[in-house]
Every structure is written in structure tokens, then in C-alpha cells.
Amino acid sequence: TALGGIGTGSVEIRSDGYFHEWMIFNLGPWAQSGSRVQLGTPPEMDPGAFAFFLRTQSGDDAPQVRRLGTRGDQNELYSLSWAKNVEAIDYDATFPVAALRYLDSTLPVAVSSTIFSPFAPHDARTSGTPGVHVAFTIRNTSAKHVRASLATRLANPLAWGAADRALKLAVTKDGATTYLTMRTGATLPQPSTIGSLGLSVT
């Protein structure tokens, strides 16, 4: 299903648990003014550009790490060989919400996520929010105490193709929420990837 604010571009969450078709960059001639069209260079936002991981440890057992996805081409044999895919994903999507249940019989927890973009009829400001929310639920299904944590990875597409991307990264906190903000000081003839991108965790 497509996610993103109305008029702000979109990204798709698919049944493999990964995000595809990043259409948040103004790369087409429709985004240009004047007679001369300069197309930008699209960033490499492959399925692993935005991904989630789960780590569990049941009692004194060895920790387990799972990618919350099922694509075999995202396995990193040499650098992250211990991060295996979940066995399957039960996927149910009805705009503007996608519900994913990550199925893995070897894990001591049941994990699911609800992924959505703000959408409120007759509320253009809320519906035009350029963002995606992911709410995870983790439930212990074992008889032991389980420690569980989530991690995410987000590629930085800003100033793509620039000789000096002049990237800046800021981490701020507000109560229980931590914000990671990506910015760039670079300039490009076609500013399709000039701006900022944020990730927050509560």
C-alpha cells in the first residue's frame, strides 16, 4: 500500500516487509519551472534503505536477531550473517493502513506492526503530513522472561550525486521521543534531494 501525505509523494510498504518505490523526490519534468528541464539523479533507495530488526533474549539463552522482512537478497552474509529473516509475514493492507504480522516459530515473542500515514477527511494539514508512522506490538509467548528490542536503519538520500554532499546529522530528545534529523548544506543545479529527512522513536 502507498504511504505518504497527500501531495507530498509516497513510498510503498509491501508484503515482504520492506519499503519500495520512493517517490518523495522531485525528479520529473512536472516538478520543473521554465522551458529547460533538468532531471535529478534518483537516490539508491533499495528495499534495505529503510528496514527494521528485532533482537530477543529469552532467559539466559543466546540472543536472536531477525530482520523484519522476507527478502533473501537483503541478507548480508559476511557483515550480518546472524541477522536472519523472519519465516513469513501475514500482510493485510487497506488504504491508508497496512498491518503486518511477522511469523517466526523460533522466536519467543509475537511481533506485529501497524504502518500508516496521517489521513483525516476534511483536514488538509493533517492529511498532507509528509511522513509515515510505524507502531510495533511485541508480546511474550514463552514461559520465560524475554528481553526484546527493535532497531531500524534508514539510508541518507540527501544531496545525492553531489561531489560534496555536506551532510549534517543531529540527535535531539524530547521526553520519551528521540529525533534523528538529516540535513545537507550542499547545493545542486536540480535540488530534488536538497532538504531534510527525519526519523523519530518513542
Side-chain angles (χ1 to χ4, degrees), residues 2-13 17-27 31 40-57 63 65-69 74 76 79-80 83 96-98 100 102 109 111-120 123-138 147-188 190-202:
L3 303 163
I6 294 175
T8 66
S10 64
V11 60
E12 294 179 8
I13 179 65
Y18 289 99
F19 292 83
H20 300 258
E21 303 296 337
W22 290 79
M23 304 183 85
I24 64 172
F25 310 105
N26 292 321
L27 297 171
T41 302
E44 294 176 7
M45 298 296 279
D46 64 20
F50 186 27
F52 296 102
F53 300 81
L54 170 73
R55 181 188 188 273
T56 62
Q57 185 170 14
V65 177
R66 295 289 180 271
R67 295 173 180 276
L68 297 182
Q74 292 303 306
E76 297 175 42
S79 59
L80 294 175
V97 178
L100 287 75
Y102 307 95
V109 297
V111 187
S112 62
S113 67
T114 302
I115 305 175
F116 61 97
S117 292
F119 183 77
D123 186 343
R125 183 177 179 84
T126 298
S127 301
T129 301
V132 175
H133 294 276
V134 184
F136 282 97
T137 300
I138 303 175
R147 292 185 295 277
S149 57
L150 291 164
T152 187
R153 175 172 63 189
L154 176 61
N156 190 337
L158 300 181
W160 196 259
D164 179 6
R165 297 175 66 194
L167 299 177
K168 302 174 183 177
L169 191 65
V171 177
T172 56
K173 292 187 177 183
D174 182 8
T177 303
T178 300
Y179 300 91
L180 174 70
T181 305
M182 303 174 184
R183 293 187 175 89
T184 176
T187 57
L188 288 171
Q190 213 292 13
S192 57
T193 57
I194 299 296
S196 62
L197 188 66
L199 175 70
S200 67
V201 178
T202 302

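Values below: every heavy atom of this structure, side chains too, minus hydrogens, waters and symmetry copies.
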How many angstroms lie between CG in L3 and CD1 in I13, if you round to the nearest 0.5 Å?
7.0 Å
Solution key, residues 177-185 side-chain donor-acceptor pairs under 3.5 Å, sequence neighbours excluded:
residue, atom, partner, partner atom, Å
T177, OG1, T202, OG1, 2.7
T184, OG1, R165, O, 2.6
T184, OG1, A186, N, 3.0

If you measure from OG on S149 to CD on Q57, what distance do you get to the nearest 0.5 Å?
10.0 Å
Can you tell me how far apart CD (E12) and NE2 (H20) are? Round to the nearest 0.5 Å.
8.0 Å
Within-4.5 Å side-chain heavy-atom neighbours: I138 and L150
yes
Under 30°, 30 to 60°, or over 60°: which ring-plane class applies to H133 and F116, parallel, tilted or perpendicular?
parallel
Do you know which two heavy atoms are closest between L158 and G195, and how far apart they sit?
CD1-O, 3.7 Å
Report yes if the side chains of F119 and V97 come closer than 4.5 Å at any heavy-atom pair, otherwise no.
no
A side-chain contact here means heavy atoms from C-beta on lying under 4.5 Å apart; do P157 and F25 qualify?
yes
Check whether any side-chain heavy atom of L80 lies under 4.5 Å from a side-chain heavy atom of V65, and answer yes or no.
no
Less than 4.5 Å apart, any side-chain heavy atom of R67 and any of Y18?
yes
Are any of the side-chain heavy atoms of T8 and T129 separated by less than 4.5 Å?
no
State, to 0.1 Å, how close L68 and F136 come at their nearest heavy-atom pair, and which atoms those are.
CD1-CE2, 3.6 Å
Would you call L54 and V109 a side-chain contact if the rule is heavy atoms closer than 4.5 Å?
yes
Which one of P96, P118, S127, S117 satisfies the side chain to side chain contact (heavy atoms under 4.5 Å, CB included) criterion with I6?
S127
State the OG-OH distance between S113 and Y102, to the nearest 0.5 angstrom.
3.0 Å
Do you know which two heavy atoms are closest between A162 and L188, and how far apart they sit?
CB-CD2, 3.6 Å
To the nearest 0.5 Å, how far apart are CG in L197 and CZ in F50?
9.0 Å
Shortest non-hydrogen pair, R55 vs P63, comes out as NH2-CG, 3.1 Å
Output the distance between atom CZ (F52) and atom CG (L154), rounded to the nearest 0.5 Å.
9.0 Å
Mind listing the closest non-hydrogen atom pair of T193 and P43 along with its distance?
CG2-CG, 3.6 Å
